[in-house]
Amino acid sequence: AQKITQTQPGMFVQEKEAVTLDCTYDTSDQSYGLFWYKQPSSGEMIFLIYQGSYDEQNATEGRYSLNFQKARKSANLVISASQLGDSAMYFCAMREPDRDDKIIFGKGTRLHILP
Amino acid sequence: DAMVIQNPRYQVTQFGKPVTLSCSQTLNHNVMYWYQQKSSQAPKLLFHYYDKDFNNEADTPDNFQSRRPNTSFCFLDIRSPGLGDAAMYLCATSSPRDGTNEKLFFGSGTQLSVL
């Protein structure tokens, strides 16, 4: 069963606009963590942001914020003021401490920023 | 300084010829992961070690095996590579033991080609 669902295979966004990338997850554990990673065409995996299941506030890192809605099991990534360099694949991932810290990834969203 | 090192960056093998990919880390992290990533797809978890405890994913083919002789090193062995095993193989680490588990540290990957 799919544990991390990213429903947007691709998105096109105008430069300087904000963009929201969707992620929903499925777990019965109380303790878990959620990540977002960016993978540009160079292939490196770039860490963006992390949210722990017990964190009461939404995580923020510069232009990135995570809209964490625990009851809905969603962890959407919001990128404010998008830039051309934001064009990349974006992966949502979940860490499961009760499963020896297993970390699995969603299928990703390819984001294209238009000039 | 590279913290998770994968060698080689590119590996070419022949159909059916065993191949070993290596990963080393200077972070002293207790969890190490191997992911397979095919073009434009999500990283797929093959297995991971929590200290010396080996966790195999149910859908990881028997053709894939792993060894972790010590904290720093982890190897991925492909006993009889098929054409479908051509992919990028990513090694990653994290450390829930000392609280630095809010980030996966990735190596630069090994791109495997099977001829």
Side-chain angles (χ1 to χ4, degrees), chain A residues 1-10 21 23 25 29 31-55 59-61 64 66 75 88-112, chain B residues 2-6 9-10 23 27 29-60 66 68 74 87-112:
Chain A
Q2 187 84 7
K3 284 206 157 187
I4 299 283
T5 303
Q6 295 182 251
T7 57
Q8 307 150 310
L21 306 181
C23 174
Y25 59 92
D29 297 342
S31 176
Y32 52 90
L34 299 154
F35 303 84
W36 276 92
Y37 273 82
K38 171 184 178 181
Q39 189 177 43
S41 55
S42 60
E44 63 182 309
M45 294 289 279
I46 301 170
F47 169 77
L48 296 179
I49 200 164
Y50 175 83
Q51 179 88 39
S53 58
Y54 293 117
D55 295 340
T60 60
E61 292 281 354
Y64 304 106
L66 199 151
M89 278 290 283
Y90 287 80
F91 293 104
C92 180
M94 180 170 66
R95 181 176 67 87
E96 299 179 282
D98 292 346
R99 287 162 176 71
D100 276 346
D101 243 62
K102 176 175 174 176
I103 298 177
I104 55 172
F105 285 77
K107 291 187 175 182
T109 295
R110 183 168 294 281
L111 178 63
H112 304 268
Chain B
M3 296 181 288
V4 182
I5 304 159
Q6 291 188 247
R9 182 71 176 89
Y10 299 94
C23 177
L27 300 162
H29 283 176
N30 62 314
V31 189
M32 293 187 77
Y33 305 81
W34 278 107
Y35 291 91
Q36 178 194 64
Q37 187 178 26
K38 297 187 177 180
S39 182
S40 298
Q41 295 185 22
K44 178 181 179 299
L45 181 63
L46 296 173
F47 20 62
H48 74 288
Y49 281 91
Y50 193 109
D51 294 320
K52 292 189 175 184
D53 293 335
F54 177 68
N55 297 272
N56 194 33
E57 291 302 296
D59 58 354
T60 297
S66 184
R68 188 180 187 187
C74 196
M88 174 71 81
Y89 290 87
L90 294 166
C91 175
T93 73
S94 75
S95 193
R97 174 185 58 200
D98 60 9
T100 56
N101 56 349
E102 295 183 358
K103 184 177 177 179
L104 262 182
F105 292 77
F106 279 91
S108 55
T110 293
Q111 182 69 49
L112 178 68

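In this text the structure is predicted, and so the values were computed from the model without any measurement. Labels below follow one simple rule: chain letters A, B, ... track the order of the sequence lines, proteins then strands, and each chain is numbered from 1.
Between the side chains of Q41(B) and Q36(B), no donor-acceptor pair is found at a separation under 3.5 Å.
Only the side chain of E57(B) comes within contact range of chain A, with at least one heavy atom under 4.5 Å from a heavy atom of that chain. Looking at R99(A), the atoms closer than 4.5 Å to chain B (heavy atoms on both sides) all sit in the backbone: N, CA, C or O. Neither the backbone nor the side chain of Q51(A) comes within less than 4.5 Å of any heavy atom in chain B.
In this structure, the ring pair (Phe, Tyr, Trp, His ring centres under 6.0 Å) partners of F54(B), at least two apart in sequence or on a different chain, are F47(B), Y49(B).
If you look at Y37(A) and F91(A), their ring centroids are not closer than 6.0 Å.
With hydrogens and angles disregarded, a donor-acceptor distance shorter than 3.5 Å links the side chain of H48(B) to the backbone of D100(A).
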